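Dropping the structure in here first, questions after.
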Amino acid sequence: MGEKPVMVVHGAATMDDVPGLEAYQAWLEIRFATDESTLGEALVGAEILLEWNFAADDLQRVWSSVDSLRWIHWSGAGVDAALFPGLVESDIRLTNARGIFDRAMGEYVLGLILAFAKRFPETWSLQSERQWRHRLTERIDGRVVTVVGMGGIARSIARLVKAVGMRVYGVGRRERGQDLDFDRTLSVNNLNQVLGETDYLVLVLPATAETQGLIGADELRALKSSARVINVGRGNSLDEAALIAALGEQHIAGAALDVFHEEPLPSEHVFWSLDNVIVSPHMSGDFYGYAPAVAEAFFDNLIRYRAGEPLLNEINKLAGYYVG
Ligand code: OXD
């Protein structure tokens with residue numbers, strides 16, 4: 001029997017950190033790396049890299065240690081931390097955890113819409129002050145949700161908001177015509193056509209050169225004063241300074257942000273203190289049990305890799321996302 005292929009797991013310290021991994025020791029020599037220096041050493045001679053921390057950007061810094069890698073699996077939906085020129089230009093295959101987070105993120109966005117419409121943040125803060133203050137709330141049926149991004153997460157959001165009677169538009173790179181999940185689809189070049197009737201603008205975009213600053217002052221100004229912006233994709237698709245100005249000048253009514261230009265969001269950042277902003281720490285997809293689900297999806301691919309079969313969820317590295 002020949003030597004076992006080497007697999008590096010980055011972002012995990014022991015076998016127990018990756019549920020179910022132990023079973024694959026028979027096939028693989030498994031090395032763990034938790035930081036840049038251990039990653040550099042571990043990668044020498046390695047064929048597979050399992051990136052367990054989707055946000056880690058260590059790989060780029062130790063790229064010169066890579067000599068035998070053939071496949072990298074990224075344990076997140078967004079692979080932006082892997083899209084550096086050395087990796088993009090290489091023939092190393094890149095796969096991701098597409099699909100695992102769709103339902104949880106759909107529910108999270110629906111929850112945020114309800115939180116705004118039903119004024120939950122205000123209710124919780126009044127409760128903490130023991131204040132009995134009766135208020136009216138909004139209904140969400142018939143309201144328009146515009147989802148920018150049209151992958152699996154966007155579709156999950158679309159199905160859930162439709163189920164509660166909202167209208168939903170899907171904005172993608174190109175118009176797709178009739179689409180069961182969306183009441184209307186349009187190309188991002190035509191986004192302005194629907195901003196004026198949008199109640200909730202939901203961003204589910206990967207971080208690529210094309211999405212950088214996509215929503216800026218002009219787009220925010222085109223929204224209604226009652227509109228809210230929800231970002232669960234990547235922080236860089238939204239111009240944060242323009243958003244702060246739009247909120248301050250009451251051009252829009254609120255924002256819920258799960259992702260930011262800088263993460264963790266610095267404690268002195270103004271977003272923490274704005275009444276009309278809901279801040280959460282990049283957690284919209286992370287449901288109880290997501291880690292075993294992510295591991296399971298990787299093992300499926302590992303079995304395929306070993307058998308020489310096509311891998312699932314392979315990223316088009318030039319585009320920066322899965323292209324079905
Ligand atoms: C991801 C994320 O990319 O959580 O998986 O943002």
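Because the structure is predicted, anything quoted here is derived from the model rather than measured. Numbering of ligands and ligand atoms starts at 1, following listing order. Nothing fancy with the numbering, it's 1 onward along the sequence.
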Q | salt_bridge(D57, R61) N-O dist < 4.0 Å | A |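 The answer is yes: the pair qualifies as a salt bridge.
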Q | Charged N-O contact under 4.0 Å between E138 and K118 | A |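 Not counted as a salt bridge, because no side-chain N and carboxylate O are separated by less than 4.0 Å.
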Q: Give a yes or no on whether a salt bridge exists between D199 and R228, defined as a side-chain N under 4.0 angstrom from a carboxylate O.
A: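 Between R228 and D199 there is no salt bridge, as every charged N stays at least 4.0 Å from the carboxylate O atoms.
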(Q) Using a strict threshold of under 4.0 Å (side-chain N to carboxylate O), is an ion pair present between R221 and E219? (A)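 No, this pair does not count.
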Q: For atom 1 (C) of ligand 1, grab the closest protein heavy atom and report residue, atom and distance to one decimal in Å.
A: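 Checked against all protein heavy atoms, atom 1 (C) of ligand 1 sits closest to A77 N, 3.3 Å.
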Q: Give the ring-plane orientation class for W27 versus Y24, where under 30° counts as parallel, over 60° as perpendicular and anything between as tilted.
A: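 Perpendicular, since the angle between the ring planes exceeds 60°.
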Q) ligand 1 and S75, any nitrogen or oxygen pair closer than 3.5 angstrom? A)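 No.
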Q: Just need the protein heavy atom nearest to atom 6 (O) of ligand 1, so name the residue and atom and give the distance.
A: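 Looking only at protein heavy atoms, the one closest to atom 6 (O) of ligand 1 is H282 NE2, 2.5 Å.
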Q: May I ask you to check if ligand 1 and G78 share an N or O to N or O distance below 3.5 Å?
A: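 Yes, there is a polar N/O contact under 3.5 Å.
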**Q.** For F101, the ligand 1 atoms whose distance to one of its heavy atoms is below 4.0 Å
**A.**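 Once the distances to F101 are compared, the set is 5 (O).
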